[in-house]
Number of protein chains: 2
Amino acid sequence: MSYANDMPKSTTRADTELSGALRIGVMRLARRLRAERTDASLSLTQMAALGSLERHGPLSPSELAGHERVRPPSMTRTIALLEAKGLVGRTAHPTDGRQAIVALSAEGRALLAADRRRRDAWLSRRLPELEPDELEVLRAAVPILDRLAQS
Amino acid sequence: MSYANDMPKSTTRADTELSGALRIGVMRLARRLRAERTDASLSLTQMAALGSLERHGPLSPSELAGHERVRPPSMTRTIALLEAKGLVGRTAHPTDGRQAIVALSAEGRALLAADRRRRDAWLSRRLPELEPDELEVLRAAVPILDRLAQS
DNA sequence: TATTGTTATACTCTATAACTATA
DNA sequence: TATAGTTATAGAGTATAACAATA
């Protein structure tokens, strides 16, 4: 076999089965976590935009639209809603008069933190139901999931 | 401490940290997998309804709405769109004249299979980049993720 | 009367096209 | 002329309220 030297790079039947099972498991748990959303005052769209600002820091509307994979007019609207709620603020770009800079307000930051605490609480309540060796598996799995997500 | 007898059922600080990391990892990977969606002819809403019919078999519109956590009028609309595309069919309930039965057509089943193959392919291509012991961790993690999702 | 499903209507999120202001 | 952002407008998805048909 000419694959002898790069076996680890080929796709085996076991890989295919694992990828199917993993995809289903991850999607299911993500759906469950998403359903645990508590703060009904904000849509998922708005929460996502807020989360992007937290992850990346202050951004222009176009950059934010890019991160959220949304067109600029859609982000214009989302920003306006978040601004009306006092969760983000806008300032002028220091040198380019066309651009604006959108940043999280203290209220926005607090809301994100509260939302995250509530979600973590749901999962935290379930983890003690697992066996110690199962918790160990999850701990080992997290960095692998992260790497897959980034690739 | 009165918790001595049920330590495994209490929430430790390590649990809280793990739950935060796990939530982020799962949500990230789910987002990445979702972005791998290829068939642009169907919205996520429509794909999800189709998937429900595959998982649970033929359902009435109300049952389907329940599974998708959507109100009956919304499902009426979704079913109409899927029916227009030939992906589902409707038949009368054998005994209850009020109810309808919605079922996947052969075309709907084929579309789901093709979509799943594409997603699995993306993940399968990445798994060989992992070390054997990392693959073992993922294999062990899948049933745990499933149990968490169901609880 | 209660249940199943649809129709009528309205709100949110998204998009494309056209416009304004600045570079 | 090109870029950043907004406004105008339309389509899809969702909801509640009201209605029709059946149990």
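Every chain is numbered from 1, with letters handed out A, B, ... down the list of sequences. Because the structure is a prediction, the values reported are computed rather than measured.
- Mapping A:Q46 and A:T95 onto DNA chain C by nearest heavy atom places A:Q46 closer to the 5' end of the strand.
- Comparing A:T45 and B:P73 by the nucleotide of DNA chain C whose heavy atom lies nearest to each, the residue mapping closer to the 5' end is B:P73.
- Put simply, CG on A:L81 is 8 Å from P on C:dT12, counting in whole angstrom units.
- In this model, the phosphate group of C:dT7 is not approached by any side-chain N or O of B:T76 to a distance below 4.0 Å at OP1 or OP2.
- When distances run from any side-chain atom of A:S62 to the nucleotides D:dA12, C:dT4, D:dG5, the shortest one goes to D:dG5.
- Atom CD of A:E68 and atom P of C:dC13 are 13 Å apart (whole Å).
- Straight-line distance from the CE atom of A:M75 to the P atom of D:dT7: 16 Å, rounded to whole Å.
- Proximity of a side-chain donor or acceptor of A:R126 to a complementary backbone N or O of A:W122 within less than 3.5 Å is detected.
- Counting to the nearest Å, the P atom of C:dG5 and the CD1 atom of B:I79 are 8 Å from each other.
- Applying the 4.0 Å criterion to OP1 and OP2 of C:dA15, one finds that A:S74 has a side-chain N or O inside that range.
- Straight-line distance from the CD atom of A:Q99 to the P atom of D:dA2: 18 Å, rounded to whole Å.
- Between A:R90 atom CZ and D:dG5 atom C1' there is a gap of 8 Å when expressed in whole angstrom units.
- The separation between A:R71 atom CZ and C:dC13 atom C1' is 15 Å, rounded to whole Å.
- With A:S105 contributing its side chain and A:G86 its backbone, the two residues share a donor-acceptor pair below 3.5 Å.
- Atom-to-atom, CG of A:L42 to C1' of C:dC13 comes out at 14 Å; the value is rounded to the nearest Å.
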